[in-house]
Amino acid sequence: MKNQWTNFITGIVTITIKGKGIERFLNHCFRQELLLTNIKRLDEECVRATILLKDISTIRSIVRQSECKIYFSYKRGLPFLTKRMWKNGGFVIGIGAFLLVIMLLSNMIWSIEIKGAKPHTEHQILKELNKMGVKKGKLQFFVKDPESIQRKLTNNIHNLTWVGVELRGTSFHFQVVEKNKPKQPKSVSPSHLVAKKKAVIAKLFVENGQPLVKVNDVVQPGQLLVSGVIGKEDYERVVGAKGEIYGEIWYTSVVEIPLKTNFRVLTGKSFTKHALHIGNIKIPVWGFFQNEKYKKEKVEELKKPLYFFKWKLPLAYETVTVREEEMVTRKYNIEQAVQQGKEIGRNELISKLDADAKVKNEKVLHQTNDNGKVKLTIYYQVIENITTTQPIIQGD
């Protein structure tokens with residue numbers, strides 16, 4: 001037969017034809033456009049042939065009009081296979097259930113291994129993973145991909161410098177690099193405290209050493225603030241100067257704020273498509289009859305391979321989420337733009353300062369409106385520690 005797969009689906013029957021006038025019988029079958037193949041004569045009054053299951057009723061009516069008889073000797077194809085499976089339903093269901101259980105167990109999270117983390121950090125990671133649903137016994141289909149897990153861990157746990165996430169079969173492996181915050185070394189060698197910036201002294205606290213400045217003094221970069229040489233001329237000795245001297249410093253920041261800005265946002269509308277990949281063949285499962293089209297959309301694809309024990313199968317489950325986007329125009333008036341610019345300038349400045357620095361005051365020195373933008377020149381009055389250590393070289 002030309003199309004064996006199609007014939008297998010519809011069903012094939014091998015028949016034996018016995019009697020006189022076999023040739024007339026065959027000619028009658030051909031006139032009825034019945035498909036007879038593999039015709040083989042066994043003797044003068046016996047012929048064997050193969051026909052399709054759907055032609056059985058037609059060929060029986062032809063037999064009644066002839067002097068021949070037919071005998072069914074062999075049956076094969078999907079209808080007969082289904083019938084045999086139905087008779088042995090318990091056995092088939094058992095095999096199917098066994099394979100299904102093995103498949104589910106092979107795509108479940110069985111272990112989570114974390115390397116390079118201290119006990120406290122490991123506890124934090126496990127707690128965060130539990131919030132994300134990454135835990136033992138959870139199916140991998142309902143867990144985010146490793147890149148998303150890595151991004152969330154890095155954002156939510158601040159003492160992590162880097163975390164590597166890898167899924168190996170049924171195990172998640174995490175390689176952690178923690179932030180090392182070195183302790184400030186205690187200054188035991190003789191040293192002075194000098195100014196690292198131009199400032200006006202706002203307050204000072206000297207724990208060790210001889211202070212050489214007072215509040216409201218103007219100091220220049222490199223100027224000596226606290227001397228490590230203490231005592232009188234005959235009883236001088238050198239120590240490691242220690243203290244905190246805060247100075248008032250002015251910073252300038254230039255910020256531009258457009259009065260009109262276009263950007264994309266998600267509207268909240270979305271739909272999801274599910275598909276099963278068998279090799280290079282993609283079989284739609286759900287959602288592919290979604291006819292809604294968005295003018296602007298964001299497509300997120302997630303493809304999860306299936307495993308049988310530790311072996312990766314040529315099967316994968318794909319989820320495609322399509323979200324609607326729209327273009328939004330944000331408009332500021334002059335007052336709103338100035339307020340936004342002051343907030344942006346302050347945040348940028350704070351990100352560059354030390355943790356103990358404080359912004360005491362701010363003042364807009366210059367403001368221009370040109371080409372749909374508001375340009376601000378802002379001065380900030382900041383109080384910060386201006387000291388740095390300068391070693392004392394013996395013999396100076």
Side-chain angles (χ1 to χ4, degrees), residues 104 106-182 261-277 282 285-287 294 296-307 310 312 315-328 330 343-344 346-353 355:
L104 290 176
S106 300
N107 291 275
M108 198 173 280
I109 300 174
W110 284 107
S111 65
I112 298 175
E113 183 178 339
I114 301 175
K115 292 183 179 180
K118 297 177 182 177
H120 175 69
T121 305
E122 183 175 344
H123 175 72
Q124 283 184 301
I125 293 173
L126 291 173
K127 189 176 179 180
E128 196 64 35
L129 290 175
N130 191 61
K131 290 180 182 178
M132 291 187 281
V134 182
K135 52 188 176 181
K136 294 180 181 179
K138 188 82 171 183
L139 284 174
Q140 297 176 18
F141 306 116
F142 306 108
V143 175
K144 292 185 178 294
D145 57 284
E147 290 78 11
S148 300
I149 296 173
Q150 181 184 36
R151 185 168 55 252
K152 281 199 171 186
L153 287 177
T154 306
N155 292 338
N156 296 342
I157 303 178
H158 301 294
N159 59 331
L160 295 182
T161 299
W162 176 83
V163 56
V165 183
E166 185 180 3
L167 177 61
R168 302 177 194 165
T170 59
S171 301
F172 266 103
H173 295 264
F174 297 85
Q175 186 65 44
V176 178
V177 177
E178 295 189 51
K179 291 181 180 178
N180 291 323
K181 297 181 180 179
T261 307
N262 297 323
F263 55 93
R264 290 185 175 185
V265 297
L266 298 176
T267 65
K269 293 182 179 180
S270 66
F271 61 88
T272 304
K273 299 179 181 180
H274 301 268
L276 181 66
H277 285 258
K282 184 176 181 179
V285 175
W286 185 262
Y294 302 136
K296 297 183 183 297
E297 59 187 25
K298 181 180 180 182
V299 180
E300 300 174 358
E301 296 184 1
L302 180 60
K303 192 174 181 181
K304 290 183 177 292
L306 299 179
Y307 291 86
K310 64 178 181 179
K312 187 176 180 180
L315 301 173
Y317 192 83
E318 181 186 53
T319 304
V320 179
T321 303
V322 182
R323 305 182 189 277
E324 183 186 29
E325 290 184 331
E326 66 178 1
M327 191 66 69
V328 175
R330 182 181 59 193
E343 184 177 345
I344 292 175
R346 173 184 282 263
N347 292 336
E348 289 181 352
L349 177 64
I350 291 175
S351 67
K352 299 175 183 177
L353 298 175

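A donor-acceptor pair is defined here as one N or O able to donate and one able to accept, closer than 3.5 Å; no such pair exists between the side chain of Glu128 and the backbone of Asn156. The closest donor-acceptor contact from the side chain of Lys273 to the backbone of Val322 lies at 3.5 Å or more, if one exists at all.
For the pair Glu147 and Asp145, the tightest heavy-atom approach, listed with the atom from each and the gap, is OE1-OD2, 2.9 Å. Closest approach of Glu348 and Ser351 over heavy atoms only: O-OG, 2.6 Å.
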Please tabulate, for the side chains in residues 129-142, all donor-acceptor contacts under 3.5 angstrom to protein atoms that are two or more places apart in sequence or on a different chain.
unit_1: Gln140; atom_1: NE2; unit_2: Gly169; atom_2: O; d: 2.8

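One distance of note links CD of Glu297 with OG of Ser270; it measures 11.5 Å at 0.5 Å rounding. Rounding to the nearest 0.5 Å gives a distance of 6.5 Å between CG of Leu153 and CD1 of Ile125. Considering CD1 of Ile157 and CD of Glu178, their distance stands at 9.5 Å, rounded to 0.5 Å. A distance of 5.0 Å separates CG of Leu306 from CG of Asn107, quoted to the nearest 0.5 Å. Residue Leu126 holds its CG atom at 11.0 Å from OG1 of Thr121, rounded to the nearest 0.5 Å. With values rounded to the nearest 0.5 angstrom, Asn262 atom CG is found 10.0 Å from Arg330 atom CZ.
Contact check on Glu113 versus Lys115 returns a salt bridge, with a Lys/Arg side-chain nitrogen under 4.0 Å from an Asp/Glu carboxylate oxygen.
Under the salt bridge (Lys or Arg N to Asp or Glu O under 4.0 Å) criterion, the residue pairs touching residues 149-170 are Glu166-Arg168, with sequence neighbours excluded. The side chain to side chain donor-acceptor pair (under 3.5 Å) contacts involving residues 316-328 comprise Arg264-Glu325, Thr267-Glu324, His274-Tyr317, His277-Glu318, Lys282-Glu318, Glu300-Arg323, where partners must be two or more places apart or lie in separate chains.
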For this session: Assess whether side chain to side chain contact (heavy atoms under 4.5 Å, CB included) is satisfied between Gln150 and Trp162, documenting all intermediate values.
Result: CA-CA 9 Å; Gln150 181 184 36; Trp162 176 83; 3.7 Å; yes
For this session: Would you check, one step at a time, whether the test side chain to side chain contact (heavy atoms under 4.5 Å, CB included) holds for Gln124 with Asn159?
Result: CA-CA 10 Å; Gln124 283 184 301; Asn159 59 331; 3.6 Å; yes
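Side-chain contact between Ile149 and Val163: absent, with no pair of heavy atoms (C-beta onward) separated by less than 4.5 Å.
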